[in-house]
Amino acid sequence: MVSSQIAALLLEVGAVKLNPQTPFKWASGWNSPIYCDNRLTLSFPDARSFIKNALAEIILAKFPNVEAIAGVATAGVPQGALVADLLNKPFVYVRPKPKDHGMTNLIEGKVEKGQKIVVIEDLISTGGSSIKAVEALRDAGVEVVGMAAIFTYGFKIADENFAKANVKLVTLSNYFSLLEEGLRGRYITDDQVNSLKEWREKPETWTT
């Protein structure tokens with residue numbers, strides 16, 4: 001199953017770290033027993049290729065009318081470029097804010113009115129920055145047919161945000177697959193699983 005394979009791969013290369021005893025601090029201020037940096041997979045050719053192929057396959061399966069690929073800066077840019085190259089599709093990327101010089105671009109690359117685009121993101125937490133990228137593309141006149149990401153925490157607020165923005169999201173793996181593979185690979189213990197599940201339900205108030 002791709003979800004389990006991706007989860008195992010992320011743990012193996014160290015892109016995901018699980019540490020319930022000594023939580024990480026997110027920019028939001030949340031304490032988190034998990035840290036995920038999928039950009040690390042780019043340094044491992046086998047992992048990079050597996051993810052690239054898996055993203056291409058899910059995009060063709062779920063969005064067969066795709067005409068171009070867009071990456072969300074910064075982490076979605078290399079992944080998106082790899083997939084666009086594999087699919088032989090045009091590629092663009094969306095900045096978090098316009099450049100403060102030159103052409104002051106928010107979208108880098110050429111887009112066409114009505115063009116059907118799939119957006120690629122590496123990680124979904126609340127979905128806020130991802131949806132901003134979608135809105136920027138829509139403002140440019142393109143049709144965002146969906147978004148594909150490597151991993152999602154599966155927060156309820158993300159589901160609500162994507163539904164409200166009318167964005168179809170597909171992901172290669174998720175938090176529950178990660179916990180299963182974490183147990184199987186002995187990255188975590190049975191005693192730690194309940195705490196990890198509790199964090200996903202209420203990350204803003206979770207403590208060790």
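Since this is a predicted model, take the numbers as computed values, not measurements.
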Which heavy atom in [X] sits nearest to a heavy atom in [Y], and how many Å separate them?
X: Cys36; Y: Phe151; value: SG-CD2, 4.2 Å
X: Gln115; Y: Ala68; value: NE2-CB, 3.7 Å
X: Ala70; Y: Phe91; value: C-CE1, 4.1 Å
X: Phe155; Y: Pro203; value: CE2-CG, 3.8 Å
X: Asn174; Y: Ser3; value: ND2-OG, 3.5 Å
X: Gly114; Y: Glu67; value: O-OE1, 4.3 Å

Rounded to the nearest 0.5 Å, what separation is found between the [atom1] atom of [X] and the [atom2] atom of [Y]?
X: Asp122; Y: Gln79; atom1: CG; atom2: CD; value: 7.0 Å
X: Leu178; Y: Leu18; atom1: CG; atom2: CG; value: 5.0 Å
X: Ile58; Y: Thr171; atom1: CD1; atom2: OG1; value: 6.5 Å
X: Ile69; Y: Ile59; atom1: CD1; atom2: CD1; value: 4.0 Å
X: Ile157; Y: Glu160; atom1: CD1; atom2: CD; value: 7.0 Å
X: Thr41; Y: Glu12; atom1: OG1; atom2: CD; value: 12.0 Å

Phe63/Val170 under side-chain contact (heavy atoms from CB on, under 4.5 Å): CA gap, chis, key distance, verdict: CA-CA 10 Å; Phe63 312 112; Val170 295; 3.8 Å; yes

In the structure I gave you, are the side-chain heavy atoms of [X] and [Y] within less than 4.5 Å of one another anywhere?
X: Leu123; Y: Ile150; value: no
X: Glu181; Y: Tyr187; value: no
X: Val144; Y: Lys116; value: no

Please determine whether the number of non-hydrogen atoms from other residues, nucleotides or ligands lying under 6.0 Å from atom [atom1] of [X] exceeds 12.
X: Asn53; atom1: CG; result: yes
X: Lys62; atom1: NZ; result: no
X: Asn166; atom1: CG; result: no

Any donor-acceptor pair under 3.5 Å linking the side chain of Trp199 with the backbone of Thr207?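 Absent.
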
Does the distance from a Lys or Arg side-chain N to an Asp or Glu carboxylate O, for Lys110 and Glu112, drop under 4.0 Å?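 Yes, this pair counts.
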
Run Asp159 and Leu169 through side-chain contact (heavy atoms from CB on, under 4.5 Å) and show every step you take. CA-CA 9 Å; Asp159 294 337; Leu169 171 69; 5.8 Å; no

Is a donor from one side chain sitting under 3.5 angstrom from an acceptor on the other, for Gln21 and Gln192?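 Gln21 vs Gln192: donor-acceptor pair found between side chains.
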
Tyr35 and ring pair (Phe, Tyr, Trp, His ring centres under 6.0 Å): which partner among Tyr153, Trp30, Phe24?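 Option passing the ring pair (Phe, Tyr, Trp, His ring centres under 6.0 Å) with Tyr35: Phe24.
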
In a check of side-chain contact (heavy atoms from CB on, under 4.5 Å) between Pro20 and each of Ile34, Leu196, Asp191, which one passes?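 So the option named by the test is Leu196.
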
